[in-house]
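All heavy atoms count here, side chains included; hydrogens, waters and symmetry mates do not. Residue numbers begin at 1 in each chain, while the letters A, B, ... track the order of the sequences.
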Amino acid sequence: MKALTFKRGIHPPHGKHYTENKPIEVLMPKGDLIYPMAQHIGAPCEPLVKKGDRVLLGQKIGEAKGFVSAPIHSTVSGTVKNVTPMLHPNGTKVMSVIVENDGLYEEDPSINQSKDYKKMSREEIINKIREAGVVGMGGAGFPTFIKLSPPIIENIDTILINGAECEPYLTSDYRVMVEESGKVAEGLRIILHLFPKAKGYIAIEDNKPEAIAKMREATKNDKNIQILVLKTKYPQGSEKQLIYACTKREVPSGKLPADVGCIVQNIDTVVAIHRAIVRGRPLMRRIVTVSGGAIKEPKNFKVRIGTTYRELVEAAGGFIEKPAKIISGGPMMGIALFSLDVPIIKTSSAILCLTEKEAVLPPEKACIRCGKCVDICPMNLLPLSLNVHALHHEWDDFEKEHGMDCMECGSCSYICPAKRHLLQSIRRGKKTILANKRK
Amino acid sequence: MEQTMYTVSSSPHIRADHTIDSIMKDVIIALLPAVIMSLYIFKWEALWVMIFSILSCVGSEALWQKLTKNPITIDDYSAVVTGLLLAFNLPASVPLWIPIIGGAFAIVIVKQIFGGLGQNFMNPALAARAILLASWPSHMTNWTLDGVTTATPLGILKAGMGEVSAATLAAPPAFSQLLIGNIGGCLGETSAIALLIGAAYLLYKRIIHWRIPASFIGTVFILTWIFGRNGMFQANPFYEIFTGGLLLGAFFMATDYTTSPVTPLGQWIMGIGCGLITTLIRLFGGYPEGVSYSILLMNLAVPLLDRYTHPKVFGEVKSNE
């Protein structure tokens, strides 16, 4: 079968060779754990504990505020050292609970309660996923229970599990598919139980044959689950592009996947759903790739949320070369950090430490109108024109040319031979327009 | 506290390898087969025209930028490309002040005055050719081959359409001569094979897209085949597309980034428009050849084409339903 794909896009170097064959290593935290109260899209949590309190593993320490929110749990047992604003991986200071690990890992009695999901009602399952604090772990951090509660359940006919992992360097989803294929399959079965009319698909790029084989094996007896092979291309894992590649449906501008009958979930999120329902465990760990040319022994870790980036970098042998850039996430959409003293949160997929050579930042030159950005834009925008409008503060033209539809994949800046910072100015344009509208 | 300083910038954090310089170098590499063939066919005369044209372009760019106190950007090779393309559009026998004036005009008047690289509204080399042709037509149409004055294949075809008796004219050169390039013409346009090799390189390296050359050449092919010089469906369209400046123009000049549309639909229209104007001039106009004027005219339409050919945004139509 021909590999499925979307239109346009780019082929950045993979950089996955560093870690793709490194089995997931469990990393136990050494120092204090930091839990920012904002680890998801939506309202930040309210701390439920105060300085000096003893907390148990799995205990809820942040209560979800508002509908779009997700509770946060302690991932160790110990004492609350402080509740204070701390540096967040996104570069701002966020109210955080700091827990001193007592090393006992004493579990909260509320966790580990589970029963057969087939005997649970839809409400019970959704509620359990909400209480477990499960959010989209691919990067955006949208609360999973909302995604699983579309207005009309019967309209959903496609559950897509996103195993594209199109970002260079990242191998966490790949390792999960290879090593925990059974859990991914079972997690998908739980989602399909919620949507009896839907078929399940696990979409994987064709540069990951082992993951494709393992997932095929794990789902061979499931009549309503199919493995889809995707062309290796960036941004294949973008939600709307993935839906188009797999179903040829176009999510209308400003609408959600559910509007075209699809629900997309990230690989690690499906495992988190599995743990929440089958084992009664809240979201407390995630898989993180620590990679890049400046890292001594690039690895994939299973790590407790709240562990600092510094501990992960040290566990990967530290630096062999002075890193020029530290990135939280992938090199295309990740956020550059100025400090390693930030905690792993629910959406931290990778820590990349790039060398001077990898993290090139060449000077901007004049646009020569080569049109390469137009040829590759997955949303079919005109990045060069949006860039000019943003730089000239022509916000009306920016909106007229659908600048707000930009998904910030960064393909335009990547491909630009003049090395113009196209996404940077487009992103600023979007933010300015949103800010003007709020006024 | 953190002691080490890390670079913090907006994503993406990796960039493709190619640069403006590398693209310009690739264009020069793609032009090399034609350079070699023109040296083989036109000998020393071609070499001097090329050298003076390139020196004039690079020199006037450096001089202009120095006089206007702008950063000197001759290291991006774009002036070299302009110089080489201008030379390709000149007869080998021109006096050497012609490439010098042409190069200075191309760079200073057409490129730098309008803002430099990426801002010119016309192809600099072609604009310079047009002004040279208008100012010194005799020098610009003096075609020689091995020291003997000759005519271009298109000139012979054009003359054959008129009142002059066909018997008094030389027969147009054989098709095989068009491929090698041993014919009268501008020094870079005569060898079809050399130009096609260069074009294949540009397409393979994805420096250019096939939309403009394919629609340009395709339009000329179909129109000359249908309307022919000697009546409907009488012409040999393969002969027509391999003569004159069509291959050079379609692959190397009409595809010039700055003066061609950025949208796919705009590029199709650009190519078809160039083909249409070229055929009109060749068959019905006063000049034997129309490639350079067709490109220049379509260059002027590029801002309009870009404005009215925005592609449909992903997810756009359905939301309007």
Out of curiosity, A:Cys416 SG to B:Ile20 CD1, how far, rounded to the nearest 0.5 Å?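 That separation rounds to 7.5 Å.
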Between [X] and [Y], which heavy-atom pair has the shortest distance, and what is it?
{"X": "A:Gly334", "Y": "B:Ser11", "result": "O-CB, 3.4 Å"}
{"X": "A:Tyr414", "Y": "B:Arg15", "result": "CE1-C, 3.6 Å"}
{"X": "B:Tyr257", "Y": "A:Ile368", "result": "CB-O, 3.1 Å"}
{"X": "A:Met332", "Y": "B:Ile14", "result": "SD-CG1, 3.8 Å"}
{"X": "A:Arg427", "Y": "B:Ser10", "result": "NH1-OG, 2.5 Å"}
{"X": "B:Pro311", "Y": "A:Leu382", "result": "CD-CD2, 3.7 Å"}

I'd like to verify something: which residue of [options] has the highest number of heavy-atom pairs under 4.5 Å with chain B?
{"options": "A:Cys370, A:Gly410, A:Cys377, A:Gly371", "result": "A:Cys370"}
{"options": "A:Lys365, A:Lys372, A:Glu358", "result": "A:Lys372"}
{"options": "A:Cys367, A:Ser411, A:Ala366, A:Ala359", "result": "A:Cys367"}
{"options": "A:Ala336, A:Gly330, A:Pro417, A:Ala418", "result": "A:Pro417"}
{"options": "A:Ile10, A:Leu354, A:Leu337", "result": "A:Leu337"}

A side-chain contact here means heavy atoms from C-beta on lying under 4.5 Å apart; do [X] and [Y] qualify?
{"X": "B:His310", "Y": "A:Leu381", "answer": "no"}
{"X": "B:Ser9", "Y": "A:Gln424", "answer": "no"}
{"X": "B:His13", "Y": "A:Leu352", "answer": "no"}

Quick one: what part of [X] sits under 4.5 Å from any heavy atom of chain A, side chain, backbone, both or neither?
{"X": "B:Asp21", "value": "side chain"}
{"X": "B:Ile23", "value": "side chain"}
{"X": "B:Ile208", "value": "neither"}

Side chain from CB out, backbone as N, CA, C, O: work out which of these in [X] comes under 4.5 Å of a heavy atom of chain B, or both, or neither.
{"X": "A:Phe6", "value": "neither"}
{"X": "A:Pro168", "value": "side chain"}
{"X": "A:His402", "value": "side chain"}
{"X": "A:Phe319", "value": "side chain"}

B:His209, B:Gln119, B:Arg211: which one forms the most heavy-atom pairs within less than 4.5 Å of chain A?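 Answer, by heavy-atom pair count under 4.5 Å with chain A: B:Arg211.
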Report the C-alpha separation of A:Lys419 and B:Thr19 in whole Å, then their side-chain angles, then the decisive distance to 0.1 Å, and conclude whether the side chain to side chain contact (heavy atoms under 4.5 Å, CB included) test is met. CA-CA 7 Å; A:Lys419 311 297 166 193; B:Thr19 58; 3.8 Å; yes
Counterpart residues, side chain to side chain contact (heavy atoms under 4.5 Å, CB included), relative to B:Ala87 (two or more places apart):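 Applying side chain to side chain contact (heavy atoms under 4.5 Å, CB included) to B:Ala87 gives B:Val49, B:Met50, B:Ser53.
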Just by distance, do the side chain of [X] and the backbone of [Y] share a donor-acceptor pair under 3.5 Å?
{"X": "A:Asn380", "Y": "B:Phe314", "result": "no"}
{"X": "A:Arg369", "Y": "B:Ser260", "result": "yes"}
{"X": "B:Thr7", "Y": "A:Ala324", "result": "yes"}

Inspect the contact between B:Arg206 and A:Asp375 and indicate whether a charged nitrogen and a carboxylate oxygen are less than 4.0 angstrom apart.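 Judged by the 4.0 Å cut-off on N to carboxylate O distance, A:Asp375 and B:Arg206 do not form a salt bridge.
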Is the number of heavy atoms from other residues, nucleotides or ligands under 6.0 Å of B:Tyr77 OH greater than 12?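 Open: at most 12 neighbouring heavy atoms sit under 6.0 Å from OH of B:Tyr77.
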More than 12 heavy atoms of other residues, nucleotides or ligands under 6.0 Å from CD of A:Glu394: is that the case?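 Buried by this count: over 12 neighbours within 6.0 Å.
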